[in-house]
Amino acid sequence: MLKGVLSCGLSLLLLSSCEKTQTNLAPEASVNQATDSLKSVLAFQSYGLNGNGIADNTAALQKLVNESSEIYLKGGTYIINQTINLKSGLKIYGEPTTVIKAGNQMSGTLSSNGRYFFAGSTDQIVISGITFKQSDMAYQWSDWNNSCIYLLNCKNTLIEGIFFDFKVPYATNGMEAVWISGTGSTNNTIKNNNINTLGIKYAENGADGTIVHSNILNNAYSNAITANGNHPSDYITNCQIVNNTIKNAGRMGIEDWGNTNGALIKWNKVYGSGKDPNQAIDGIAISAVGSNVSVIGNHISDSQIYAIEVRGNYGVTVTHNTMTNNPASTGIILNYTFPIPQFVSGVTRAMVGYNKIEKSDIGIHIFGDYEANVKILRNTVNNSITKAISIESGSPSYLLDLEGNRTNYTIPASRERYALFSYTKFDPGAANQVINSTADSLIYA
């Protein structure tokens, strides 16, 4: 039954009985399954809601949220001028024409952070099938926490089937569609959303276990999908970024940064990063510089700096990715400029295998002064501009096993180029740098 939305007496007028109401409103019901009668159950007049795109619905919508457990918000444009605060257990569903838009008299966190919905220390919220539109007035964004939906210390939230219809220009400061923060946040899901010009901050300040699945992000103002591992002691763990499509991100496509551990970045498609000239210097398609990260089966094109950057030894796996890059960029860089994280004991072997890299300046790059231990297995590098595999390590000790890698050249060289390049700054006998090559091949027309 729609608690706080209607009484049994009202439901008898619209459906056959209170019992039937309860049967039809199971928590897993979606707006597409709702009948016309069910969608009209909500007595809008009793709350003063008006979806005409003119009236201010802030107070009415907040009252409805406070008094309801399930809401089917019928089609219309609902103007709000302040942030709506959500509660545990709330499920709110929209129709294809249901729009929530910020008004021209915004105040509080709606104006300063672009915050339409806020949930703090809540569980089991569902938000589905709504379109969010920006105000006709300018937001006064803060330097941090700008987000349409902001979740702080929340668990088991589902945000699905939302259209974030915004037109935010490329810039270093802007707004996220969804932002999840706090050590109490865990097991939240963001999936099947269509997002224009905003990004997703899937984890920050110790949030764990977020799933970001099958979203489409167009022209994100800066990063499209980001984790900020910025808590000094509580690492972000076990997030999954799977099957998302990213087009023309202003800065990075996916960034898993800082104190993060165990992220899975799989089957994503990144078409263009660093599209803002002011952010192109960081135009990486996937930057996974946490620990124990797996970057698997992603398809990348038109990255400005690197297609894939990972944090070297610390349990990283980079396999079965396909990259067609800007000729000035690097396909895969294993970055050894980071110290070993405090919870990692010793050096853990990295795996870089079965990747296909087209038209990069450098195909696979080992770089930095910390010790490298890598298996480089059965990768294919086609028409690299300068180096197919480049090893530039300042560590006095490393072990690199190369096996079954294939370098193909089908176009003439425009400059000196290498299938395998190695550099050391140490005198003979002063270092123990080992490269084993087994069944690697160079093929050229």
Side-chain angles (χ1 to χ4, degrees), residues 77 79-80 83 94 96 98-104 106 109-118 127 129-151 159-180 190-202 204 212-228 241 243-255 268-287 300-304:
T77 297
I79 302 297
I80 61 171
T83 300
T98 301
V99 175
I100 296 179
K101 180 179 179 180
N104 295 335
M106 297 183 295
T109 54
L110 180 57
S111 175
S112 63
N113 301 97
R115 190 173 300 166
Y116 290 54
F117 283 0
F118 171 72
I127 307 170
I130 294 171
T131 294
F132 289 97
K133 285 194 173 184
Q134 69 186 71
S135 172
D136 297 328
M137 305 297 291
Y139 299 94
Q140 305 300 314
W141 283 320
S142 301
D143 293 333
W144 200 244
N145 293 340
N146 300 323
S147 182
C148 183
I149 300 174
Y150 184 61
L151 308 178
I159 298 173
E160 179 180 22
I162 304 295
F163 180 27
F164 296 90
D165 187 12
F166 287 74
K167 297 179 181 178
V168 175
Y170 289 137
T172 56
N173 189 28
M175 178 178 171
E176 312 302 316
V178 183
W179 187 313
I180 300 176
I190 307 166
K191 71 176 185 178
N192 296 325
N193 301 289
N194 193 337
I195 302 170
N196 285 342
T197 73
L198 310 184
I200 294 173
K201 187 87 71 175
Y202 64 89
E204 187 243 351
V212 184
H213 197 297
S214 299
N215 301 281
I216 298 173
L217 298 98
N218 296 308
N219 303 303
Y221 75 95
S222 186
N223 288 354
I225 300 175
T226 309
N228 289 119
I241 304 91
N243 198 43
N244 301 282
T245 299
I246 297 166
K247 298 179 181 179
N248 298 321
R251 184 173 179 260
M252 297 187 189
I254 299 171
E255 183 179 29
N268 301 284
K269 295 173 283 294
V270 183
Y271 304 116
S273 55
K275 290 302 179 179
D276 179 7
N278 295 322
Q279 301 181 78
I281 192 172
D282 296 319
I284 305 170
I286 298 175
S287 178
I300 297 167
S301 64
D302 194 20
S303 56
Q304 299 302 307

Between [X] and [Y], what is the shortest heavy-atom contact and its length?
X	Y	result
M252	D282	CG-O, 3.3 Å
G103	I79	CA-CG2, 3.5 Å
T109	S112	CA-OG, 3.3 Å
A280	Q304	O-CB, 3.9 Å
Q134	K167	OE1-N, 2.5 Å
G129	T98	O-CB, 4.5 Å

Give, for atom [atom1] of [X] and atom [atom2] of [Y], the distance between the pair rounded to the nearest 0.5 Å.
X	Y	atom1	atom2	result
L151	F118	CG	CZ	8.5 Å
E176	C148	CD	SG	11.0 Å
I159	I180	CD1	CD1	6.0 Å

For E255, all residues meeting salt bridge (charged side-chain N to carboxylate O under 4.0 Å, His left out), sequence neighbours excluded: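 Counting only residues at least two positions away or on another chain, E255 forms a salt bridge (charged side-chain N to carboxylate O under 4.0 Å, His left out) with R251.
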
K269 atom NZ, neighbour heavy-atom count above 12 within 6.0 Å: yes

K247, NZ atom: more than 12 neighbouring heavy atoms under 6.0 Å: no

Worked verdict on N146 versus N173 for side chain to side chain contact (heavy atoms under 4.5 Å, CB included): CA-CA 9 Å; N146 300 323; N173 189 28; 3.5 Å; yes

From CA spacing to verdict: side chain to side chain contact (heavy atoms under 4.5 Å, CB included), F132, I100: CA-CA 5 Å; F132 289 97; I100 296 179; 4.1 Å; yes

Whether Y116 and Y139 hold their rings parallel, tilted or perpendicular, with breakpoints at 30° and 60°: tilted

Main-chain N/O of [Y] paired with [X] side-chain donor or acceptor, under 3.5 Å:
X	Y	answer
S303	S273	no
Q279	S222	no
N145	N113	no

Side chain to side chain, Y221 and D276, heavy atoms closer than 4.5 Å: no

Side chain to side chain, F117 and I127, heavy atoms closer than 4.5 Å: yes

N278/T172 under side chain to side chain contact (heavy atoms under 4.5 Å, CB included): CA gap, chis, key distance, verdict: CA-CA 8 Å; N278 295 322; T172 56; 5.7 Å; no

F164: which of I149, T197, N194 passes side chain to side chain contact (heavy atoms under 4.5 Å, CB included):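 Only match with F164 under side chain to side chain contact (heavy atoms under 4.5 Å, CB included): I149.
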
Stepwise side chain to side chain contact (heavy atoms under 4.5 Å, CB included) test for N223 and K201: CA-CA 9 Å; N223 288 354; K201 187 87 71 175; over 6 Å; no

When the side chains of residues 213-220 are checked against the rest of the protein, which donor-acceptor pairs come out under 3.5 Å, sequence neighbours left out?
residue, atom, partner, partner atom, Å
S214, OG, N243, ND2, 3.1
N215, OD1, N192, N, 3.4
N215, OD1, N193, N, 3.0
N215, OD1, N193, ND2, 2.9
N215, ND2, I190, O, 3.0
N215, ND2, H213, O, 3.3
N215, ND2, N244, OD1, 3.0
N218, ND2, N196, OD1, 3.3
N219, OD1, Y170, OH, 3.4

